[in-house]
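A quick write-up on the structure given underneath.
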There are 2 protein chains.
Amino acid sequence: MLITVDPTSAVPLFDQIATAVRIAVVRGEVAAGERLPSARELADSLDLNVHTVLHAYRTLREEGLLEVRRGRGATIATGAGRDYQDLRAALDTLLAEGDRLGLTRQALTGLLTHEETR
Amino acid sequence: MLITVDPTSAVPLFDQIATAVRIAVVRGEVAAGERLPSARELADSLDLNVHTVLHAYRTLREEGLLEVRRGRGATIATGAGRDYQDLRAALDTLLAEGDRLGLTRQALTGLLTHEETR
DNA sequence: CAAGTTGTTCTAGTTCAGCTAGAACAATAG
DNA sequence: CTATTGTTCTAGCTGAACTAGAACAACTTG
């Protein structure tokens with residue numbers, strides 16, 4: 001699983017890490033039970049602080065996507081290996097629609113966050 | 001057009017205002033040329049600073065959704081009256097998919113922001 | 001058991017976006 | 001001309017994000 005980070009982005013670093021993991025899961029690039037690099041390792045390779053990586057891991061655990069325990073490290077949660085075909089299709093469709101209408105990503109995420117299903 | 005704001009939300013206030021306008025446009029609740037309340041008015045009614053509202057208006061203008069000029073105020077841009085049927089459908093589908101998979105809004109917006117079309 | 005690994009918790013300091021506040025100013029409407 | 005409305009500028013405040021270092025608890029491994 002490739003995890004990269006853009007320090008110049010407005011998106012918080014811990015969020016970028018969390019998203020990188022989510023993407024890997026959605027793409028099926030990681031299987032349930034698979035182990036992530038330790039926080040200290042990943043922090044070193046990304047040139048970040050350990051706490052930032054741990055923040056990301058904590059976030060993912062709260063979402064039920066990771067199992068995190070001391071001594072063991074972080075592993076992809078059982079039950080994370082769902083069928084994400086429809087989700088990916090929905091994402092692609094929405095992105096295409098956004099592009100067609102000339103909407104920014106900010107606008108799209110805003111709509112997604114506040115819009116209620118009708 | 002109803003514009004409300006949640007001061008306790010993690011979403012920036014100017015962003016909430018911008019999103020409220022976007023939603024109104026997407027829902028077809030406002031027509032092109034329609035005038036928004038003046039920044040000072042809206043700021044008063046929302047109990048916010050004028051600059052915060054102006055920040056939202058500026059953002060929307062940069063997206064091409066608003067025409068903003070001093071003395072005149074802000075009006076919905078010509079060309080904003082597009083067909084948003086497909087967009088709304090795409091939004092609903094994605095939200096439904098996210099719910100089905102138990103994904104948080106944060107996770108969804110993260111995927112939307114970083115995911116590249118394949 | 002002993003040692004090393006890894007997450008947890010705590011304190012502490014820095015930076016920056018967002019928000020507020022006030023004022024002067026320019027463009028537009030009436 | 002006068003009122004309205006956005007633009008620009010300065011200034012200060014706050015909280016989230018990030019960094020840093022340390023002590024500690026749970027787990028793995030030899």
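Throughout, a chain's letter reflects where its sequence line sits, starting with A, and its residues are numbered from 1.
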message: Pick the closest DNA chain C nucleotide for A74(A) and for L48(B) by heavy atoms, then say which residue is nearer the 5' end.
response: A74(A)
[X] [atom1] - [N] [atom2] separation (whole Å):
| X | N | atom1 | atom2 | value |
| --- | --- | --- | --- | --- |
| L13(A) | dT15(C) | CG | P | 16 Å |
| D44(B) | dT5(D) | CG | C1' | 13 Å |
| R58(B) | dG18(C) | CZ | P | 11 Å |
| R35(B) | dT4(D) | CZ | P | 12 Å |
| L54(B) | dG22(C) | CG | C1' | 14 Å |
| L36(B) | dT5(D) | CG | P | 13 Å |
| E67(B) | dT7(D) | CD | P | 13 Å |
| L42(B) | dC19(C) | CG | P | 13 Å |

message: Looking at dT8(C), I'd like to know if its phosphate oxygens (OP1 or OP2) sit under 4.0 Å from a side-chain N or O belonging to R61(A).
response: yes
Residue-phosphate contact under 4.0 Å: T52(B) side-chain N/O, dG18(C) OP1/OP2: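 For T52(B), the contact criterion (side-chain N or O under 4.0 Å from OP1 or OP2 of dG18(C)) is not met.
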Rounded to the nearest 0.5 Å, what separation is found between the [atom1] atom of [X] and the [atom2] atom of [Y]?
| X | Y | atom1 | atom2 | answer |
| --- | --- | --- | --- | --- |
| R35(B) | E67(B) | CZ | CD | 13.0 Å |
| Q106(A) | L112(B) | CD | CG | 12.0 Å |
| L42(A) | I17(A) | CG | CD1 | 5.5 Å |
| L91(B) | Y84(B) | CG | OH | 12.0 Å |
| L65(B) | R82(B) | CG | CZ | 10.5 Å |

query: Below 4.5 Å, heavy atoms only, C-beta onward: do V26(A) and I23(A) meet side chain to side chain?
result: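 The answer is no; the side chains never approach within 4.5 Å.
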- prompt: Does the side chain of L87(A) reach to within under 4.5 Å of the side chain of L94(B), using non-hydrogen atoms?
  reply: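 They are in contact (side-chain heavy atoms under 4.5 Å apart), so the answer is yes.
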Nucleotides 26-30 of chain D: which of its N/O atoms have a protein N/O under 3.5 Å away?
{"residue": "dA26(D)", "atom": "O4'", "partner": "R70(A)", "partner atom": "NE", "Å": "3.2"}
{"residue": "dC27(D)", "atom": "O4'", "partner": "R70(A)", "partner atom": "O", "Å": "3.2"}
{"residue": "dC27(D)", "atom": "O3'", "partner": "R72(A)", "partner atom": "NE", "Å": "3.2"}
{"residue": "dT28(D)", "atom": "OP1", "partner": "R72(A)", "partner atom": "NE", "Å": "3.4"}

With distance as the sole test, does [X] use its side chain to make a donor-acceptor pair with the main-chain N or O of [Y] at under 3.5 Å?
| X | Y | result |
| --- | --- | --- |
| Q16(A) | D6(A) | yes |
| H114(A) | G110(A) | yes |
| T113(A) | T109(A) | yes |

- prompt: Through what angle, rounded to 10 degrees, does the axis of the helix from dC1(C)-dG30(D) to dG30(C)-dC1(D) turn between its ends, using five pairs per end?
  reply: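 Both end axes considered, the difference amounts to 40°.
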- line: Side-chain contact check for P12(A): nearest option of dA21(C), dT19(D), dA17(D) is dA17(D)
- prompt: With E29(A), which residues qualify under salt bridge (Lys or Arg N to Asp or Glu O under 4.0 Å), at least two apart?
  reply: R27(A)
- prompt: Do any of residues 2-10 of chain B sit with a heavy atom less than 4.0 Å from DNA chain D, and if so which?
  reply: none
task: Return the minimal non-hydrogen interatomic distance between E97(A) and A90(B), and the atom names on each side.
output: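 Looking at all heavy atoms of both residues, the closest pair is CG-CB, 4.4 Å.
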query: Are I3(A) and V30(A) linked, directly or through other ILVMFWY residues, by side chains that come within less than 4.5 angstrom of each other?
result: yes
message: Strictly by salt bridge (charged side-chain N to carboxylate O under 4.0 Å, His left out), give each pair with a member in residues 10-24 of chain A just once, sequence neighbours left out.
response: R22(A)-E63(A)
- prompt: Per the atom types in the model, does the base of dG6(D) pair as donor or acceptor with the side chain of R40(B) at under 3.5 Å?
  reply: yes
statement: Readout for nucleotides 9-16 of chain D: B = base within 4.0 Å of protein heavy atom, S = sugar-phosphate only, - = neither; 5' to 3' it is B-------
- prompt: Under 4.0 angstrom, heavy atoms only, what part of the nucleic acid is Q16(A) near: base, sugar-phosphate, or nothing?
  reply: nothing
